[in-house]
*Asks:* 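Before I ask anything, let me first share the structure, which is written out below as structure tokens.
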Amino acid sequence: MAIENLRQFLEELEERGELLRIREPLSVHLEIAEVADRAMKSPGGGKALLVERPVLADGSISEIPVAINLFGSQSRMALALGVEDVEEHARRIAELLQPDIPEGFWAKIQMLPKYAGLAKVPPRQHRGAAPCQEIVLEGDDVDLSRLPILKSWPLDAGPFITLPMVITRDPETGVQNIGMYRMQVTGPRTTFMHWQRHKGGAAHYRRWRERGERMSVAVALGADPATMYTPTAPLPPGIDEYLFSGFLRREPVRTVQAVTSDLRVPAEAEIVLEGYVDPAEPLGMEGPFGDHTGFYTPPDLFPVFHVTAITMRRDPVYPATIVGIPPMEDYYLGGATERIFLPLLRMTMPEIVDYHMPAEGVFHNLVLVSIRKEYPGHAFKVMNGLWGQGLMSLAKVIVVVDHDVGVRNPREAWWFALNNIDPERDIRFTYGPADDLDHAARGPAYGSKMGIDGTRKWPEEGVTRVQPWPEVVRMSEDVKRRIDELWPKLGL
Ligand SMILES: Cc1cc2nc3c(=O)[nH]c(=O)nc-3n(C[C@H](O)[C@H](O)[C@H](O)COP(=O)(O)O)c2cc1C
């Protein structure tokens, strides 16, 4: 049975000794963040925390506890996605991609339940009263200051909702998108909506703007953990996150219609903010915000979200995260995506053996890739291919190494790559879209990129001075065996 909701996830974590309850009152203003940062920076990602007595801005103690660092370890991430190891999902996807089933993966996901064993994937309508709508607040009863929304870092522009599932609908296709975009609270019933221009929510916003219509938005906080993860995953446009979440859970997500719009929200959510973004309304200055790059992202213009209703459980839990100097909780969320999406990258570039985005590279700054090199210039072909794929197009530096280099060990990857390059010959610069958070880029979301060919060079690549390419220094096997035998006698 898949985990049904956030509270069940917390119970599971507690049973496994992976949850720490904090009864000491802690302020939503920086204090919870400081405790969470220490937990996230401890070995293996620390424990998940349930802060039972968050102190609100007015000094009162909220009855709504804050759950934080829920996904901040490999084992919690695996539990969230219903597996022992997230590689299991990569294998399931690779199986679906077998050539005996001709269509592409996403087409197949959409054509479910045609494929055996996957019939239970599409979302189901919840029957009866939904848990997320036990309480409905509308009009003046809506007051975001009653929620324990965190201010993470001293120079943040205010409190931010940091783990939201932002649900919008494409006005043309009717398909929903769910993305995780932080929301700066600016008043009792307003927030900014920080969907960056390359993201699904922003694309929907542009379509509603073209129509000159207001756009309904619902924001779910807390649900079953797989559904909480999918808004962070770079699904292609038009793929419903609930469907992907059902695939990961091996059970459908139950959804219910929002109270004030036709958007479908997870029935098991803890809290749902319902409202609208009006594309005719001027944008506002969002930020600064202590971001996952480890730097404050400077203020920039983003749309305003008006909250017209809050629905929730009678005893909701408020989920949050903080981002900052890596590694933080988002490294594990992104790490799951890295593993799960490898078979999909291989669909168009089967020569890719593995790839890794180290924590210090904050996802978009650095991608290490190993390939089975088969022809001259192959490394550059792979870089260009990656820069042409979805959110990979935002990668600032791509380093390509040979198949036998373990890219999940960045030290090994850099050691090989740096030994193998003649910088002028093997490094190429190009231009393209840059991550919105790249403060060094020459323009907003536009900048240069660097590709490093760290593979062994071939004569056909014009490298004839050292051929064959030098061998790695390794001891011979027979000597190793002999020393293994002698080892106990050596007193080492
Ligand atoms: C904790 C966390 C916070 C995030 N905050 C934002 C954000 O504020 N704005 C944004 O555009 N993307 C943010 N992202 C990244 C998006 O969620 C991610 O790119 C996702 O693929 C977007 O989904 P979409 O393609 O459906 O838009 C965040 C991710 C995580 C894990």
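Remember, predicted model here, so these are calculated numbers, not experimental data. When a ligand or atom number is given, it counts from 1 through the structure's own listing order.
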*Asks:* What protein heavy atom lies closest to atom 11 (O) of ligand 1? Include the residue and the distance to one decimal.
*Replies:* Q196 N, 3.0 Å
*Asks:* Angle between ring planes, F295 versus H439, binned at 30° and 60°: parallel, tilted or perpendicular?
*Replies:* perpendicular
*Asks:* To the nearest 0.1 Å, how far is atom 15 (C) of ligand 1 from its closest protein heavy atom, and which atom is that?
*Replies:* K199 NZ, 3.7 Å
*Asks:* Taking the six-membered ring for Trp, are H292 and H364 parallel (under 30°), tilted (30 to 60°) or perpendicular (over 60°)?
*Replies:* perpendicular
*Asks:* Show me the donor-acceptor pairs, under 3.5 Å and distance only, between side chains in residues 153-160 and residues at least two apart or in other chains.
*Replies:*
unit_1, atom_1, unit_2, atom_2, d
W153, NE1, V323, O, 2.7
D156, OD1, G290, N, 2.7
D156, OD2, S152, N, 3.4
D156, OD2, W153, N, 3.1

*Asks:* Between R254 and E268, does any side-chain N to carboxylate O distance fall below 4.0 Å?
*Replies:*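 E268 and R254: salt-bridged.
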*Asks:* Check for me whether E241 has a heavy atom closer than 4.0 Å to any atom of ligand 1.
*Replies:*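 Contact present.
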*Asks:* Please list, chain by chain and in numerical order, all residues satisfying side-chain contact (heavy atoms from CB on, under 4.5 Å) with M450, sequence neighbours excluded.
*Replies:*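 Expected list: V397, I427, F429, I452.
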*Asks:* Identify, for atom 17 (O) of ligand 1, the protein heavy atom at the shortest distance, and state residue, atom and that distance.
*Replies:*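 The closest one turns out to be M180 O, 2.8 Å.
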*Asks:* Please verify whether a non-hydrogen atom of I178 lies at under 4.0 Å from ligand 1.
*Replies:* yes
*Asks:* Kindly confirm or rule out an N or O of A233 lying under 3.5 angstrom from an N or O of ligand 1.
*Replies:*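 It does: an N or O of A233 is found under 3.5 Å from an N or O of ligand 1.
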*Asks:* Would Y181 count as a polar contact of ligand 1, with the cut-off being nitrogen or oxygen pairs under 3.5 Å?
*Replies:*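 Yes; at least one N/O pair falls below 3.5 Å.
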*Asks:* Only heavy atoms of L391, strictly under 4.0 Å: list the atoms of ligand 1 that pass.
*Replies:*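 In order of number, 19 (O), 21 (O).
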*Asks:* Does an N or O from G200, backbone or side chain, lie closer than 3.5 Å to an N or O of ligand 1?
*Replies:*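 Yes: some nitrogen or oxygen of G200 is under 3.5 Å from one in ligand 1.
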*Asks:* Which heavy atom of the protein is the closest neighbour of atom 31 (C) of ligand 1, given with residue, atom name and distance?
*Replies:* T232 CG2, 3.7 Å
*Asks:* Starting from atom 26 (O) of ligand 1, locate the nearest protein heavy atom and write down its residue, its atom name and how far away it is, to 0.1 Å.
*Replies:*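 Its nearest protein heavy-atom neighbour is N177 OD1, 2.9 Å.
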*Asks:* For this output row, return yes or no: ring centroids of Y276 and H306 closer than 6.0 angstrom.
*Replies:*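 So the answer is yes for these two rings.
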*Asks:* Does R92 count as lying over the ring of F247, i.e. NZ or CZ under 6.0 Å from the six-ring centre, within 45 degrees of the axis?
*Replies:*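 Output yes; distance and angle both within limits.
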*Asks:* Return the closest protein heavy atom for atom 20 (C) of ligand 1 as residue, atom name and distance.
*Replies:* P231 O, 3.4 Å
*Asks:* Flag H194 as yes when one of its N or O atoms lies below 3.5 Å from any N or O atom of ligand 1, and as no otherwise.
*Replies:*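 Yes, since at least one N or O of H194 sits under 3.5 Å from an N or O of ligand 1.
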*Asks:* Say whether, by atom type as modelled, one donor and one acceptor occur between the side chain of D438 and the main chain of A440 under 3.5 angstrom.
*Replies:*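 Yes; at least one donor-acceptor contact below 3.5 Å.
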